[in-house]
Structure formats: structure tokens, C-alpha cells
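Bear in mind that the values here come from a model prediction, so they are computed numbers and not experimental data. FYI, side chains are in, hydrogens and waters are out, and symmetry mates aren't considered; it's all heavy atoms of this structure. When a residue number appears, it is its place in the shown sequence, counting from 1.
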Amino acid sequence: MIRIICYTKKNCEPCKIMMRIVSNAVVDANTDISYSIRHNDSFTVEELTKLKVRMYPTTVIEKNGKEIARLEGTFPQSYVADVINKIEK
């Protein structure tokens, strides 16, 4: 199973854009994907450091509990969809 976690912060326009892009890519993928959005105010600095979140937005894509891809910043929907499709196969 693919799991996507998008780490964001409040009032971050790039974060809002990336959340919409990832959401659309997940719908288009038409496969079993768990998608969650985690805001930075839910974590301590130590937790964010352990999660290796260095900038916002950070999107982590896992398959079977293992990190397969990490996207820092915003990306076109087509790129996110390609990453999901490659991981799915």
C-alpha cells in the first residue's frame, strides 16, 4: 500500500498548492493510497528533525512502510502522478 504524508505549516501558500496537487494526483491514480496532511504545529522541533522535515511543504511517499520518495517544495501534478505511478508498479 502507498502512503503519502504532506508536512505543511499554516499560512503557507506553496503548502496549499502542493496539498491540492497531491490530492488531485491521488484521485487520478485510482489505486489504494493513504493520504494525510500533517501541520508543523503538531510536532516539536525534535520530532521534525527526526522526520527530516527541512522545508515546507515536504511530501513523503512510502510503500509498505518504507520511504520511497521525498519531495521538498512544490512540483507539477504530472510529476507527482509519475512518481506515484512508478511506485505503484
Side-chain angles (χ1 to χ4, degrees):
M1 175 185 208
I2 297 174
R3 180 176 178 214
I4 300 175
I5 309 156
C6 192
Y7 295 96
T8 67
K9 66 179 182 176
K10 291 182 180 177
N11 302 318
C12 169
E13 282 305 314
C15 297
K16 292 175 187 175
I17 292 168
M18 192 62 175
M19 286 187 299
R20 186 177 63 246
I21 288 170
V22 172
S23 179
N24 289 341
V26 166
V27 169
D28 290 347
N30 195 27
T31 190
D32 190 19
I33 298 175
S34 168
Y35 174 51
S36 61
I37 299 166
R38 305 295 306 268
H39 296 290
N40 73 331
D41 57 359
S42 304
F43 299 96
T44 65
V45 172
E46 292 80 18
E47 290 171 320
L48 290 170
T49 301
K50 185 177 177 181
L51 292 167
K52 300 177 185 169
V53 176
R54 299 181 303 205
M55 65 178 296
Y56 298 99
T58 294
T59 304
V60 177
I61 305 173
E62 300 175 343
K63 184 171 185 178
N64 300 324
K66 181 180 176 188
E67 183 177 320
I68 303 297
R70 178 176 291 256
L71 307 175
E72 296 180 321
T74 58
F75 291 83
Q77 184 174 330
S78 60
Y79 180 80
V80 176
D82 285 346
V83 171
I84 292 170
N85 288 334
K86 286 177 183 173
I87 292 171
E88 181 185 14
K89 294 179 180 178

Considering only distance and modelled atom types, tabulate donor-acceptor pairs under 3.5 Å from the side chains of residues 17-32, sequence neighbours left out.
from, atom 1, to, atom 2, distance (Å)
Asn24, ND2, Arg20, O, 3.4
Asp28, OD2, Gln77, NE2, 3.0
Thr31, OG1, Glu88, OE2, 3.1

I need the [X] [atom1] to [Y] [atom2] distance, nearest 0.5 Å.
X     : Y     : atom1 : atom2 : result
Tyr79 : Leu71 : OH    : CG    : 6.0 Å
Arg38 : Leu48 : CZ    : CG    : 10.0 Å
Ile4  : Glu62 : CD1   : CD    : 10.0 Å
Ile2  : Ile87 : CD1   : CD1   : 6.0 Å
Tyr35 : Thr59 : OH    : OG1   : 7.0 Å

Worksheet entry | Sidechain-backbone polar pair: Arg54 side chain, Thr49 backbone, donor-acceptor under 3.5 Å |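 Such a contact is absent between Arg54 side chain and Thr49 backbone.
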
Discussion item. Any side-chain to backbone donor/acceptor pair from Lys10 onto His39? Under 3.5 Å, distance only.
Written reply: no

Discussion item. In this structure, would Ile37 and Leu51 fall into the same cluster of hydrophobic residues linked by side-chain contacts under 4.5 Å?
Written reply: no

Which heavy atom of [X] sits nearest to which heavy atom of [Y], and what is that distance?
X     : Y     : answer
Cys15 : Pro57 : SG-N, 3.8 Å
Tyr7  : Tyr56 : O-CD2, 3.6 Å
Glu72 : Lys52 : OE2-O, 4.2 Å
Thr74 : Pro14 : CG2-O, 3.3 Å

Worksheet item: Please walk me through it: do Lys50 and Glu47 pass salt bridge (charged side-chain N to carboxylate O under 4.0 Å, His left out)?
Response: CA-CA 5 Å; Lys50 185 177 177 181; Glu47 290 171 320; over 6 Å; no

Worksheet item: Crowded around Lys9 NZ? As in, over 12 foreign heavy atoms under 6.0 Å?
Response: no

Worksheet item: Got more than 12 heavy atoms from elsewhere within 6.0 Å of NZ, Lys63?
Response: yes

